[in-house]
Amino acid sequence: MSTSAHAASHAQRPSRSAKAGRTVRFRILRCDGPGKPSRWETFAVKVEPGANVISCLRQIAANPVTVDGKATTPVVWDAGCLEEVCGACTMVINGKVRQSCSCLIDEYAPDDNNEITLEPMTKFPVVRDLWVDRARMFSDLKRVKGWVPIDGTFFLGAGPRERPKSQATRYVLSTCMTCGCCLEACPQYNIEPDPEAWETSFLGAFAISQARLFNMHQTGKELAGERLDALESPGGLNDCGNAQNCVKVCPKLIPLTESIGAMGRATTIHAIASWFSRG
Amino acid sequence: MNSSENAPGAASFMDRNYFLLRRLHSLTGIVPIGVFLCVHLLTNSSVLWGAVAERGGHTGGWREGGVAYFTREVVWINEQIPHLLLIEITLWASIIFHSVLGIYYAASGKSNVSRYSYQGNWRYSLQRISGYVGVAFILYHVGTLRWGWTFLVPGGTEWSYQFAASTLAASLRGGNEGFTLAGVVVSLFYMISVGLLVFHFANGLWTAAITWGLTVSDRAQRRWGVVCAGVGAALLLMGWGSVLGYALLDPAKARAVEEDAALPHDKTVIGPDKTWRGNREGEHPLAEPGYPWPGTETAVTKESQEGPLQR
Ligand code: HEM
Ligand code: SF4
Ligand code: SF4
Ligand code: FES
């Protein structure tokens with residue numbers, strides 16, 4: 001998959017010179033808080049050159065009046081880096097999940113009065129408006145022990161050498177920003193508001209890929225067996241139904257389906273080996 | 001003990017054996033169910049290619065040869081194949097296991113092709129739809145043709161393994177006299193279901209390779225995808241060819257070939273010349289004493305070589 005083909009899949013139409021000084025309508029699914037009903041509100045924004053969804057949301061926040069002239073509360077969203085590396089601003093734009101900070105208005109709405117639809121992600125509990133709570137993703141990272149175990153009470157010295165080939169494979173896996181796109185698009189990943197149930201709910205493509213990342217790390221390998229045990233348990237790797245939507249929507253172009261295949265192989269070997277050796 | 005007390009125990013059995021059950025589900029889809037599907041469609045499609053096979057021992061046209069071959073094959077399966085009961089028990093246990101778990105697993109997902117209409121996502125959804133249709137079809141197919149649910153067969157034909165092709169043709173057409181409307185519906189149901197089940201197997205072969213970790217890289221998954229598509233295309237050709245082959249068969253003509261090709265069906269053997277012969281000639285319920293069976297050295301007449309169709 002080439003980068004340009006991937007970027008094109010996000011754009012609604014081929015990029016062309018957008019009309020200067022035009023107005024774009026934002027149709028936004030709003031919600032006042034957890035458990036509250038949702039409603040649609042539409043805002044008109046005069047877009048500046050190079051505008052993105054976040055910059056338009058800022059304009060709406062500065063003047064929260066709908067197209068019907070009704071004054072309302074400012075739309076709430078989450079953001080951090082504003083350069084597509086933190087994942088906080090992820091939302092559903094025109095029906096597809098992506099980062100809003102890197103979503104250019106010129107691509108999505110090149111003409112006057114074009115409309116852009118914004119919805120919060122559907123697989124996580126809504127905190128307010130476009131802001132969702134992705135805490136479950138961190139619980140999933142804990143399940144697969146997504147870290148290198150180096151904590152201790154004394155200095156352990158330099159770690160083992162890393163091979164360039166494995167480093168090259170691991171680098172792209174390490175760019176995961178826990179944004180949740182792969183989970184939002186996955187037909188096997190369902191919303192689960194109850195944290196009690198997270199332990200046995202599907203942990204999703206990103207966690208499988210992180211388990212692979214740390215199992216390839218020279219020191220991270222220490223926990224390889226435990227990670228594979230987690231992937232073999234309920235809600236683990238086998239809940240994946242191979243729809244392969246995850247790899248299509250990942251903004252970091254992480255080869256998630258290769259990670260799923262690699263961990264499929266590792267769990268097959270691990271399961272057989274432990275059946276013959278476990279006490 | 002009420003059911004709510006049972007529930008945690010039941011859930012924990014699934015949970016304790018989660019990995020094993022998932023992998024057994026995947027395995028049963030290929031062995032034995034998938035392998036059976038391949039063999040089954042190969043046998044059924046012999047109505048199209050049986051004329052070129054020696055075992056049919058029929059010297060008529062391609063259609064007569066096909067019917068003759070298929071008849072002998074089915075009689076052989078029903079009377080001579082070793083351990084038929086064991087084969088049937090293994091298959092049924094696997095199909096029930098795979099279907100029950102399949103429906104349970106399918107219920108755990110939520111299709112989203114309307115938003116993410118990628119080809120892979122369509123296949124994911126179709127894998128589940130074809131599973132559901134497959135359960136219905138397998139029940140109807142086996143129920144009507146093996147367990148005698150004739151009330152579900154338009155025309156009420158009872159399938160018989162001694163007259164496999166003619167009774168199958170009548171079941172698909174809705175009787176012995178050409179197509180009825182219900183017959184067209186049944187034939188279409190067969191076409192759709194066979195297509196879906198072949199897709200299910202071919203796509204399952206592709207996903208199973210990821211599940212087990214056989215294919216890891218994107219390119220390996222693509223390469224294997226080409227192989228699976230090839231397997232699927234071949235099976236589809238055989239499956240659809242079979243349904244059409246029998247649906248377009250005149251039951252009366254097929255019956256004549258079957259009677260001609262039949263042998264004393266309780267004691268059939270393969271002769272050293274690889275053709276079929278009866279070792280208790282004349283005991284077939286349909287046979288006149290000394291009826292000339294094709295392939296026997298005893299009474300090869302002009303009539304037996306040309307077959308009754310020319311009569
Ligand atoms: C002709 C009969 C059948 C054959 C040959 C067959 C074969 C297969 C194969 C090879 C797989 C792939 C397993 C994997 O991805 O690891 C599969 C998956 C599946 N089958 Fe079947 N199957 C049959 C009937 C059924 C039936 C009747 C159902 C009932 C709903 C069903 C439901 C499923 C489901 C839901 C999956 C996906 C499981 C997953 O991805 O976790 N199958 N099947
Ligand atoms: S391949 Fe697996 S993890 Fe990825 S979207 Fe499909 S079901 Fe979800
Ligand atoms: S794998 Fe990709 S889509 Fe999934 S959380 Fe990481 S960066 Fe986001
Ligand atoms: S704000 Fe960090 S990815 Fe958009």
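Per chain, numbering begins at 1; letters A, B, ... match sequence-line order. Note: hydrogens, waters and symmetry copies are ignored here, and every other heavy atom, side chains too, is used.
- Interface remark: L214(B) contributes backbone atoms only to the contact with chain A (heavy atom separation under 4.5 Å).
- Between chain B and the residues G241(A), P234(A), C240(A), G264(A), the most heavy-atom pairs under 4.5 angstrom are made by P234(A).
- Open room surrounds CG on L181(B); 12 or fewer heavy atoms of other groups in view lie less than 6.0 Å from it.
- The candidate from A106(B), G109(B), A209(B), A220(B) with the greatest count of non-hydrogen atom pairs under 4.5 Å with chain A is G109(B).
- Environment of CZ in R39(A): crowded, with over 12 heavy atoms of neighbouring residues, nucleotides or ligands closer than 6.0 Å.
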Distance-only donor-acceptor pairs under 3.5 Å across chain A and chain B:
from: K96(A); atom 1: NZ; to: R115(B); atom 2: O; distance (Å): 3.2
from: V97(A); atom 1: N; to: Y116(B); atom 2: OH; distance (Å): 3.1
from: E119(A); atom 1: OE1; to: R115(B); atom 2: NH2; distance (Å): 3.0
from: E119(A); atom 1: OE2; to: R115(B); atom 2: NH2; distance (Å): 2.8
from: A185(A); atom 1: O; to: N112(B); atom 2: ND2; distance (Å): 2.9
from: P187(A); atom 1: O; to: K110(B); atom 2: N; distance (Å): 2.8
from: Q188(A); atom 1: OE1; to: Y124(B); atom 2: OH; distance (Å): 2.4
from: Q188(A); atom 1: NE2; to: S108(B); atom 2: OG; distance (Å): 3.4
from: N190(A); atom 1: ND2; to: S108(B); atom 2: O; distance (Å): 2.9
from: N238(A); atom 1: O; to: R22(B); atom 2: NE; distance (Å): 3.4
from: N238(A); atom 1: O; to: R22(B); atom 2: NH1; distance (Å): 3.1
from: N238(A); atom 1: OD1; to: R23(B); atom 2: NE; distance (Å): 3.4
from: D239(A); atom 1: N; to: Y18(B); atom 2: OH; distance (Å): 3.0
from: D239(A); atom 1: OD1; to: Y18(B); atom 2: OH; distance (Å): 2.4
from: D239(A); atom 1: OD1; to: R22(B); atom 2: NH2; distance (Å): 3.2
from: Q244(A); atom 1: NE2; to: Q221(B); atom 2: OE1; distance (Å): 3.1
from: N245(A); atom 1: ND2; to: N112(B); atom 2: OD1; distance (Å): 3.4
from: N245(A); atom 1: ND2; to: N121(B); atom 2: OD1; distance (Å): 3.2
from: T257(A); atom 1: O; to: Q221(B); atom 2: NE2; distance (Å): 3.4
from: E258(A); atom 1: OE2; to: D218(B); atom 2: N; distance (Å): 2.8
from: R265(A); atom 1: NE; to: G213(B); atom 2: O; distance (Å): 2.7
from: R265(A); atom 1: NH2; to: G213(B); atom 2: O; distance (Å): 3.2
from: R265(A); atom 1: NH2; to: L214(B); atom 2: O; distance (Å): 3.1
from: T267(A); atom 1: OG1; to: R23(B); atom 2: NH2; distance (Å): 3.2
from: T268(A); atom 1: OG1; to: R23(B); atom 2: NH1; distance (Å): 2.5
from: T268(A); atom 1: OG1; to: W212(B); atom 2: O; distance (Å): 3.0

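- With respect to chain B, the highest number of heavy-atom pairs below 4.5 Å among A243(A), A271(A), A262(A) belongs to A243(A).
- In this structure, chain B has a heavy atom under 4.5 Å from the backbone of C186(A), while its side chain stays farther away.
- Applying the side-chain contact (heavy atoms from CB on, under 4.5 Å) criterion to F276(A), with sequence neighbours excluded, gives I272(A).
- Y171(A) OH: 12 or fewer foreign heavy atoms inside a 6.0 Å radius.
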